[in-house]
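Both backbone and side-chain heavy atoms feed into the values below; hydrogens, waters and symmetry mates do not. Here is the naming used below: chain letters follow the sequence lines, and residue numbers restart at 1 for every chain.
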Amino acid sequence: MAYINKIILNTFIDGPGSRMAVFMQGCNLRCLYCHNPETWNLCTNCGECVKACKKGALYFKDGRVKYNKDLCVKCDVCIKVCHNNSTPKYTDMSAQDIFKTAYDNRDFLDGITLSGGECTLQYEFILELFKLIKENTKLTTFIDTNGYMEFDVLKKLIDVTDGFMFDLKALNRENHIKLTGYDNEKIIKNLEYVSKMGLLYEVRTVLVEGYNDSVEEIEKISKYIFNLNDYTKFKLIPFRPLGVKGKLSNMKQFDEEKFEYLYDNSKRILQSRLKE
Amino acid sequence: MNGVIEILSNTKLDYKQKRAALSSLTENSLPYVDISDKARKYMEDGIICNLNEGNAPYRPRYILPDYKKYFENGSEYLNIKKPSDMYEAVNALLIIYNYVPSITGYPVYLGNVDELLEPYCDTVSEKELENLLKMFLVNIDRNLPDAFVHMNIGPRDTRVGRLILKLEENLKDAVPNLSLKCSKDTPDDFIKLAIKTSLEIGKPYFINHDELVKVLGENYGIASCYNALKIGGGSFTLVRVNLKEAAKLSKDYNDFIERVLPDVIGCQCEIINERARFIVETAKFFGTSFLSREGLIDISNFTSMAGIFGLYECVEILSGMKMGADESADEMAENITKRAYELVKEKEGLYCYGYGGKIGFHAQSGIDSDIDVSAGVRIKTGCEPEIFNQIRLEGKLQKYFDTGVSDIYIFDRTAKSNIDGVLTIIKGAFKSGIREMTINTSDSQLIRITGYLVKRCDIEKYEKGEPLREGTVALGADSIKNCRILDRKVRGI
């Protein structure tokens, strides 16, 4: 069983082709700019959200917060009031459940992508699910990760995974710590291994003003990816305040002109390997 | 005479539109074709509607000339010889288009243009070819300003087909309507080019060629909105039943299936046959048309069309359930569609030789004056379920329609950078039974109204009262208001 935040049956931005994306609950980094911090933690059943929900979609049963989807109007007040960076809406699902959804929709899909939160925290579930997918369909299996996992976990995942998308918050170690609270050494090591295995489909960096948006940093990342291999795509994403909690919640959307400048700079290095 | 003055002084109509309106007024000064009082009552009550075809039809609603034959033999009537190069071929087409009658006054079928022109490609340079095709498309948009004017390409990958897609993407005109026939042999690369075009301009339609060949044979074309008809033939008329209004006459579901639907469809077929009789016997269309004399059309390829629309509301009234949200509602929707199909097929279709003496069954896509009633068998705009479920349901329903049915899927703009993903969905849709479908993005400058396109900027001009070339803009503007066209669910966000 795994904690599932959300399933999107039809996405065009989470890997190649038409994909089903599964967003898993729980994360091991604490990125300041995270636009879905409600995926960080599991629910502690404190009940704040039950009190705040005006529609009666949340209630207690056996000391646990329960969620009635039919009554929910998606106002997200439960997420806003949660002090624990969690949500009452995630569900417990088996690999068989998710597999069935993918299988039933296989004619419309090229593959399935697991994302988060940080999906690799529940890697045993991924191994089980991807094995089912591989044995029974032609769908490709992708993982969208921050890369912060033990090397032996990564090696196990590689056996059942067709592609990885890495979030590279910063190449500079200090910037990475400032942005996420953690060192990037492990992440870089994992990223380079995945690259060597020919499975690094895409690297993404969110540009955050004053943290990782210097011309030098972006040039450094672009050159790093350019020299890494000849196939990985890079995507630059401007910071958006939507959903952000804490220190950066009042930060404005990333400056468009600056984004274009950094994008053009990166484009000169990576050419067609920089995604639009 | 008031009607005449009203038309003459209407500042929103241009000269040609006034002439067409005056012609309709004259036609309607005659009594309606001879039908029973019961059928007349259903029309007056809005349960059956003949889509403003007029009281005394003097030409078939849709005609699909055999342009291939025209190219082989030329035309004595038009004094056109068999074309010998690309210039003559393009010119020959532009000439004959002005002589093809239809309900709108404009030709609703322009031919499988890529197959027609491809043999002449080597008679001109690459640059000339592109210039000629551009001129051809611009000429069609300006001289045949009606969004029901429909061009076909595919299923074979051709230079002309590719150039038309490229030019259309740049021209961004509402006319011509465009369909790409896709078979299992059509290269993915060609379909992907069409997807790229479609995500920019809302056309072409994607046609499940292999499926339609099973129904109509190889020799079919897509005309007007999305009507699938035999080439060298067409349809005399299209009369539709408003299932929502018919449901209101019923005590319950059984009463609807056993009493109301048979009675209404019986009258629908009666009207259809009387209109076909009038065209053939009174107006003597086939005796007067050069298309018929020169073998470019033949009555043996014709049929008539019985349409239905408002299935969503019909199910809602009869069951209180919603299609797309409830499996029992979906089941009821299919049962009603199947029953309507069987009832139409039980009747004899007068002069419907092209369909074995039967009337074609059609999912009618709605008109500007429809309010709170959904097109054909589509799910109500804004109430569509998750896209794959919608496709599966529509796939089940589309198999009953042998003269045209379609659905519209609006994607988020992120689809533009993932054409492969859209291709997978289209192939999945075909596998699920979808026969005809169209895609677009929510920010497109061209909006698919029901089966035709209008430009967003033209709607703004129309609202300001400016006269416009395309009469279809007025239809589109009113449909947007009445049918919530812009509320369609956006997919892939």
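Other residues, nucleotides and ligands contribute over 12 non-hydrogen atoms within 6.0 Å of the NZ atom of A:Lys275. Around atom NZ of A:Lys267, more than 12 heavy atoms belonging to other residues, nucleotides or ligands sit under 6.0 Å away. Other residues, nucleotides and ligands place no more than 12 heavy atoms under 6.0 Å from the CD atom of B:Glu331. Residue B:Lys172 qualifies as enclosed at atom NZ: its count of foreign heavy atoms under 6.0 Å is above 12. When the shell of 6.0 Å around NZ of A:Lys131 is examined, it contains 12 or fewer heavy atoms from other residues, nucleotides or ligands. A 6.0 Å sphere centred on CZ of B:Arg413 holds no more than 12 heavy atoms belonging to other residues, nucleotides or ligands. No more than 12 heavy atoms of other residues, nucleotides or ligands shown are found within 6.0 angstrom of OH on A:Tyr3. Counting heavy atoms of neighbouring residues, nucleotides and ligands inside a 6.0 Å radius, atom OH of B:Tyr341 does not exceed 12 of them.
Between the CG atom in A:Asp110 and the OG1 atom in B:Thr424 there is a gap of 3.0 Å [rounded to 0.5 Å]. Of the inter-residue distances, the one linking A:Phe12 atom CZ with B:Lys416 atom NZ reads 12.5 Å to the nearest 0.5 angstrom. Rounding to the nearest 0.5 angstrom, the gap separating the OG atom in A:Ser18 from the CG atom in B:Asn418 is 7.5 Å. Note that CD of B:Glu386 is 6.0 Å distant from CG of A:Asn105, once rounded to the nearest 0.5 Å.
A:Asp107 places no side-chain N or O within 3.5 Å of a backbone atom of B:Gly428 that could act as its donor or acceptor partner.
The side-chain heavy atoms of A:Leu109 and B:Ile425, taken from C-beta on, include no pair separated by under 4.5 Å. Proximity of B:Phe388 to A:Asp104: side-chain heavy atoms (C-beta onward) are nowhere separated by under 4.5 Å.
Contacts with chain A (heavy atom to heavy atom, under 4.5 Å) involve these residues of residues 390-400 of chain B, listed by number: B:Ile391, B:Arg392.
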